[in-house]
There are 2 protein chains.
Amino acid sequence: MARAGQEGRRAAATRRRGAVLEDAILQAAAEVLTESGVAGLTMEEVARRAGTNKNALYRRWPNRLVLGVAAYRRLAAAETAPPDTGSLRGDALEMLRRANSTWSSPYGEILRGLIAAADGTEELLAELRRDPRAGGDACEAAWLTLLGRAVARGEAAPEALHPRVASAPTALLRNEYVTRGVPAVPDAVLTEIVDEVFLPLVRGRGPAGGASAG
Amino acid sequence: MARAGQEGRRAAATRRRGAVLEDAILQAAAEVLTESGVAGLTMEEVARRAGTNKNALYRRWPNRLVLGVAAYRRLAAAETAPPDTGSLRGDALEMLRRANSTWSSPYGEILRGLIAAADGTEELLAELRRDPRAGGDACEAAWLTLLGRAVARGEAAPEALHPRVASAPTALLRNEYVTRGVPAVPDAVLTEIVDEVFLPLVRGRGPAGGASAG
DNA sequence: TGATTACGGTACTTCTCGTACCTTAACTAG
DNA sequence: CTAGTTAAGGTACGAGAAGTACCGTAATCA
């Protein structure tokens, strides 16, 4: 029982330091986040899980919130290629479904908890915005990409190639979460955002007529 | 020095109870919210300010968050009549400016703090949504009103009279606050929301202004 | 090999939530 | 007017977590 490894107590066969220790701490923090959410992320628990103590944490991150954001960034390291279904409607719906899936997943809950806990701290929010799946900066780029393809196909007016337009659907989806606090947004809302707002906006309501809905 | 009234210690000349005491507590809570924000809203401080103690608070509200929401509702009891500038653009801009003004004011900061602290609790969010100035349900009704007038004037397509369309500008504005954490949104963003998203959406991009391509 | 860095262990202060218990004032019913 | 009930006020306490302070010691580096 000299090295009762696994979680918690670990007999210090060798004393970790630097990047190795930092990795272990972030790993532990990510686990705690996944299991207990942002509210359950306490410095003591993370330290225990990482087999170290609070000192090592506070030497690296000034407080639990910054640590939480750093740990989240490790969870959310996925890459995203914009969908290419052949139609703007299909692409847009796919983008929203991906976003909805992320936001309603445990990661989404963590993300929302962190955003809430950040309480408007610009630095932390900027850090979180770097997560492509969170509707951040990279997400906007993806929307512009598929908008560009739609313009090339003649499906959208060139004027629609605008950042504000590109971020609109995501903003509307996020709004559902922020203001309603629901665990997940039904698919009908996604199609409504696409058919009632996004498509009319990019292709014009006039001559072309509505989407599938009249 | 028998009754050292004002704030804090108040010699109990007469012991308040019921609605009178409740009012005093809410008043104190509202003051604390205004001065110290949501983070500074502690039960002890509120009790001290109200000249009572925590018991009286916990007998009425289960925790500090519910008390905070109740106190906020007292701060935000204003009525709102939709603007009527004669043009849809003017109305929309005025609506957004009002919202921006609210959100960037101390009240907006409190509101955002409460939304953050509510952390997705549907009940509390619903309660907060009852504040017309917060972009809540009443706000959506106002947008529909001015949209209706625009349709009557021929400024907007009848299809634009849709809740999802009506809530879009507010959602985009809120999005700026949520994702960027800025203290206030510049007016240029408001006009961009109106000119690049809202107006093209409700009046169609075709003949009126933007693209002739469909 | 000796100096420096930074981990690990532990204890501590501070804060705040939420609860418990008891005394006493205000109200209410008879 | 008195007795009984309800609800304030006072105070103390336990729990949980943040963040700080020291100190001995293992790892690394000059």
Side-chain angles (χ1 to χ4, degrees), chain A residues 2-5 7-29 32-33 36-71 113 117-119 121, chain B residues 2-5 7-29 32-33 36-71 113 117-119 121:
Chain A
R3 53 180 66 193
E7 318 236 311
R9 275 305 74 90
R10 35 158 280 139
T14 175
R15 178 184 284 188
R16 300 158 300 174
R17 47 196 291 163
V20 179
L21 181 57
E22 184 157 332
D23 249 45
I25 296 173
L26 282 175
Q27 180 61 36
V32 174
L33 270 182
S36 315
V38 176
L41 187 79
T42 73
M43 299 303 249
E44 291 234 1
E45 175 62 11
V46 172
R48 196 189 62 75
R49 284 283 268 271
T52 181
N53 63 6
K54 290 195 291 180
N55 290 331
L57 275 60
Y58 280 107
R59 278 186 204 111
R60 292 173 167 81
W61 301 276
N63 57 57
R64 82 183 198 97
L65 192 50
V66 176
L67 168 61
V69 171
D119 200 26
T121 309
Chain B
R3 53 178 67 193
E7 320 237 310
R9 277 299 78 86
R10 33 158 282 137
T14 174
R15 179 184 283 188
R16 301 158 301 174
R17 48 194 293 165
V20 179
L21 181 58
E22 185 157 331
D23 249 45
I25 295 173
L26 282 175
Q27 179 62 36
V32 174
L33 270 181
S36 314
V38 175
L41 186 79
T42 72
M43 299 304 250
E44 291 233 3
E45 174 61 12
V46 171
R48 197 190 62 74
R49 283 284 270 272
T52 180
N53 62 8
K54 289 195 293 180
N55 291 330
L57 275 61
Y58 279 107
R59 278 187 205 111
R60 292 174 167 80
W61 301 276
N63 55 55
R64 81 182 200 97
L65 192 51
V66 176
L67 169 61
V69 171
D119 200 26
T121 309

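Quick note on labels: first sequence line is chain A, next is B, and so on, each numbered from 1. All of these numbers come straight from a predicted model, not from anything done at the bench.
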Practice task
Name the residue closer to the 5' end of DNA chain C, choosing between A/R60 and B/T42 according to the nucleotide with the nearest heavy atom.
Solution key: A/R60
Practice task
Any chance you could encode DNA chain D as dot-bracket? Rule is Watson-Crick or G-U wobble with both distances under 3.5 Å; [ ] for pairs crossing earlier ones, | for another strand.
Solution key: ||||||||||||||||||||||||||||||
Handout entry: Heavy-atom pair with the smallest gap, counting every atom of A/A71 and A/L33
Key = CB-CD1, 4.0 Å
Fill in the blank from the handout: Nearest heavy-atom contact between B/R16 and B/A24 is NH1-CB, 3.4 Å
Exercise for the section: Nearest 0.5 Å please: distance from the CE atom of B/M43 over to the CG atom of B/N53. Expected result: 11.5 Å
Handout entry: Approximate separation, where rounding is to 0.5 Å, of B/T52 OG1 and B/R15 CZ
Key = 9.0 Å
Problem - B/L67 CG to C/dT16 C1', straight-line distance once rounded to whole Å - result: 14 Å
Fill in the blank from the handout: Closest heavy-atom pair, B/A50 versus B/I25, reported as atoms and distance to 0.1 Å, is CB-CA, 3.9 Å
Problem - Closest non-hydrogen atom pair between A/V32 and A/E45, with its separation - result: CG2-CG, 4.0 Å
Handout entry: Nearest-Å distance for atom pair CZ/P, residues B/R48 and D/dG10
Key = 13 Å
Completion exercise
note: B/W61, atom CH2; C/dC17, atom P; distance rounded to Å ~ 15 Å
Problem - Distance below 4.0 Å between A/T14 side-chain N/O and D/dA27 OP1 or OP2 - result: yes
If you look only at distance, which donor and acceptor atoms sit under 3.5 Å apart when one is on a side chain in residues 56-63 of chain B and the other is two or more places apart or in another chain?
| from | atom 1 | to | atom 2 | distance (Å) |
| --- | --- | --- | --- | --- |
| B/R60 | NE | B/E22 | OE1 | 3.2 |
| B/R60 | NH1 | B/A56 | O | 3.0 |
| B/R60 | NH2 | B/G18 | O | 3.3 |
| B/N63 | OD1 | B/L65 | N | 3.1 |
| B/N63 | OD1 | B/V66 | N | 3.1 |

Completion exercise
Comparing nearest nucleotides in DNA chain D, the 5'-proximal residue of the pair B/L21, A/L41 is B/L21
Handout entry: Donor-acceptor contact present, side-chain A/R64 to main-chain A/V38, <3.5 Å
Key = yes
Exercise for the section: For B/A56 and for A/R17, locate the closest nucleotide of DNA chain D by heavy-atom distance; then report the residue assigned to the nucleotide nearer the 5' terminus. Expected result: B/A56
Fill in the blank from the handout: Rounded to whole Å, the CG-C1' distance (A/N53 to D/dA17) equals 16 Å
Practice task
Mind checking B/I25 for me? I need base, sugar-phosphate or nothing, with any heavy atom below 4.0 Å counting as a touch.
Solution key: nothing
Problem - Heavy-atom closest pair, residues B/A47 and B/K54 - result: CB-N, 3.7 Å
Would you tabulate the nitrogen or oxygen pairs shorter than 3.5 Å linking the protein to nucleotides 19-25 of chain D?
| from | atom 1 | to | atom 2 | distance (Å) |
| --- | --- | --- | --- | --- |
| D/dG19 | OP2 | A/Y58 | OH | 3.3 |
| D/dG19 | N7 | A/K54 | NZ | 2.7 |
| D/dG19 | O6 | A/K54 | NZ | 2.6 |
| D/dA21 | N6 | A/N55 | OD1 | 2.8 |
| D/dA21 | N6 | A/N55 | ND2 | 3.3 |
| D/dT25 | O2 | A/R15 | NH1 | 3.1 |

